[in-house]
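Quick note: numbers below take in every heavy atom, side chains included, and nothing from hydrogens, waters or symmetry partners. On a predicted model such as this, the values are computed, not experimentally measured, just so you know.
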Amino acid sequence: MVGALPLSKELCYLFFLGTTDETLRVAQDQVCDYVRNLLDPFTAPELIQAADLVGQGNHISYRPFDVLMMPAPWHRGRVVLLGDSVHSLTPQMTSGGGMAIEDALVLAQELHRSHDLETALAGYCVRREARVKRIYDIGYAHL
């Protein structure tokens with residue numbers, strides 16, 4: 001899957017979703033060719049235009065990322081995870097920041113509600129896991 005999120009009139013966040021068993025690293029001097037090869041099979045006019053712009057003095061920042069959903073519990077002792085550290089989502093969902101804010105709000109509510117830290121952190125996990133899993137699964141629904 002390929003997608004694009006406009007950042008301005010001149011900039012675009014272009015992403016490719018795919019899976020690989022090996023860690024993917026592309027040398028900086030090979031990034032333009034690599035991105036053009038990724039775009040080559042697509043026939044949408046916008047993607048053909050994007051491929052034509054690769055390497056023509058335009059900045060290309062390429063880096064792979066891992067999409068993950070950590071199993072519960074999301075805490076150990078007094079350390080608790082939230083946001084991308086526990087559930088990074090696919091970029092076409094554009095919901096990573098919002099989910100992190102929701103995590104923070106629920107965590108604060110649970111800490112306020114309970115005087116016992118372990119109970120509060122377990123409550124945070126219980127309240128967040130199903131919602132995050134739903135968004136995570138939707139992100140992969142069309143892959």
Side-chain angles (χ1 to χ4, degrees), residues 1-44 46-51 53-55 57-143:
M1 175 185 288
V2 63
L5 303 170
L7 302 175
S8 71
K9 288 183 178 185
E10 294 84 25
L11 294 175
C12 177
Y13 177 70
L14 183 69
F15 62 87
F16 299 91
L17 297 181
T19 59
T20 180
D21 290 332
E22 72 269 358
T23 302
L24 182 61
R25 299 285 182 248
V26 178
Q28 187 60 41
D29 64 343
Q30 298 172 352
V31 167
C32 291
D33 289 336
Y34 183 76
V35 170
R36 277 193 295 269
N37 286 335
L38 286 173
L39 288 168
D40 192 50
F42 297 95
T43 59
E46 296 84 0
L47 295 178
I48 293 170
Q49 182 183 12
L53 293 171
V54 171
N58 296 299
H59 175 73
I60 304 292
S61 175
Y62 173 81
R63 60 187 181 276
F65 60 89
D66 292 321
V67 177
L68 62 91
M69 174 78 184
M70 298 293 291
W74 295 346
H75 69 283
R76 183 178 298 159
R78 296 174 54 93
V79 176
V80 62
L81 301 176
L82 57 85
D84 282 353
S85 68
V86 70
H87 51 72
S88 63
L89 304 169
T90 55
Q92 86 278 15
M93 299 299 293
T94 65
S95 51
M99 296 300 280
I101 292 168
E102 287 180 24
D103 285 352
L105 178 65
V106 170
L107 179 58
Q109 289 171 342
E110 290 298 319
L111 290 169
H112 180 75
R113 185 172 18 199
S114 178
H115 295 292
D116 177 66
L117 181 62
E118 183 62 31
T119 301
L121 297 181
Y124 155 72
C125 238
V126 166
R127 286 181 58 194
R128 292 300 296 150
E129 190 175 25
R131 169 148 167 78
V132 170
K133 178 77 168 101
R134 181 172 181 261
I135 302 300
Y136 178 86
D137 288 345
I138 290 170
Y140 280 104
H142 299 290
L143 292 182

Open item on the list: Between D33 and R36, does the salt bridge (charged side-chain N to carboxylate O under 4.0 Å, His left out) criterion hold? Intermediate values first, please.
Closed with: CA-CA 5 Å; D33 289 336; R36 277 193 295 269; 2.6 Å; yes
Task: Exercise: identify the closest heavy-atom pair between L89 and D84 - done: N-OD1, 4.5 Å
TODO: List the atom of C32, the atom of V54, and the distance in Å for their closest heavy-atom pair.
DONE: O-CG1, 3.5 Å
TODO: Can you measure from NE2 (H112) to CD (Q109) and round to the nearest 0.5 angstrom?
DONE: 9.5 Å
Open item on the list: Please check: side-chain N/O of S95 versus main-chain N/O of G98, any donor-acceptor pairing under 3.5 Å?
Closed with: no
Task: From Q28 atom CD to Q30 atom CD, the distance as rounded to the nearest 0.5 Å - done: 10.0 Å
- [ ] Check A100 against G83 and note the closest heavy-atom contact, atom names and distance.
- [x] CB-CA, 3.7 Å
Task: Non-hydrogen atoms of V86 and D103 that approach each other most closely - done: CG1-OD2, 4.5 Å
Open item on the list: Testing the basics here: between L121 and G77, what is the closest heavy-atom pair and its distance to 0.1 Å?
Closed with: CD1-O, 3.4 Å
Task: Option passing side-chain contact (heavy atoms from CB on, under 4.5 Å) with K133 (candidates H87, R128, M69) - done: M69
Task: Non-hydrogen side-chain atoms of V106 and L82 separated by less than 4.5 Å - done: no
Task: Full working for side chain to side chain contact (heavy atoms under 4.5 Å, CB included) between L39 and L14 - done: CA-CA 10 Å; L39 288 168; L14 183 69; 4.0 Å; yes
- [ ] Working to the nearest 0.5 Å, report the span between OH of Y124 and CG of L111.
- [x] 10.5 Å
Task: Which atom of P41 lies closest to which atom of L38, heavy atoms considered - done: CD-O, 3.3 Å
Task: Distance in Å, L105 CG paired with E110 CD, rounded so as to fall on 0.5 Å steps - done: 10.5 Å
TODO: Find the distance between CG (L47) and CG (D40) and round it off to the nearest 0.5 Å.
DONE: 11.5 Å
Task: Separation between NE2 of H75 and CG of L107, rounded to the nearest 0.5 Å - done: 10.5 Å
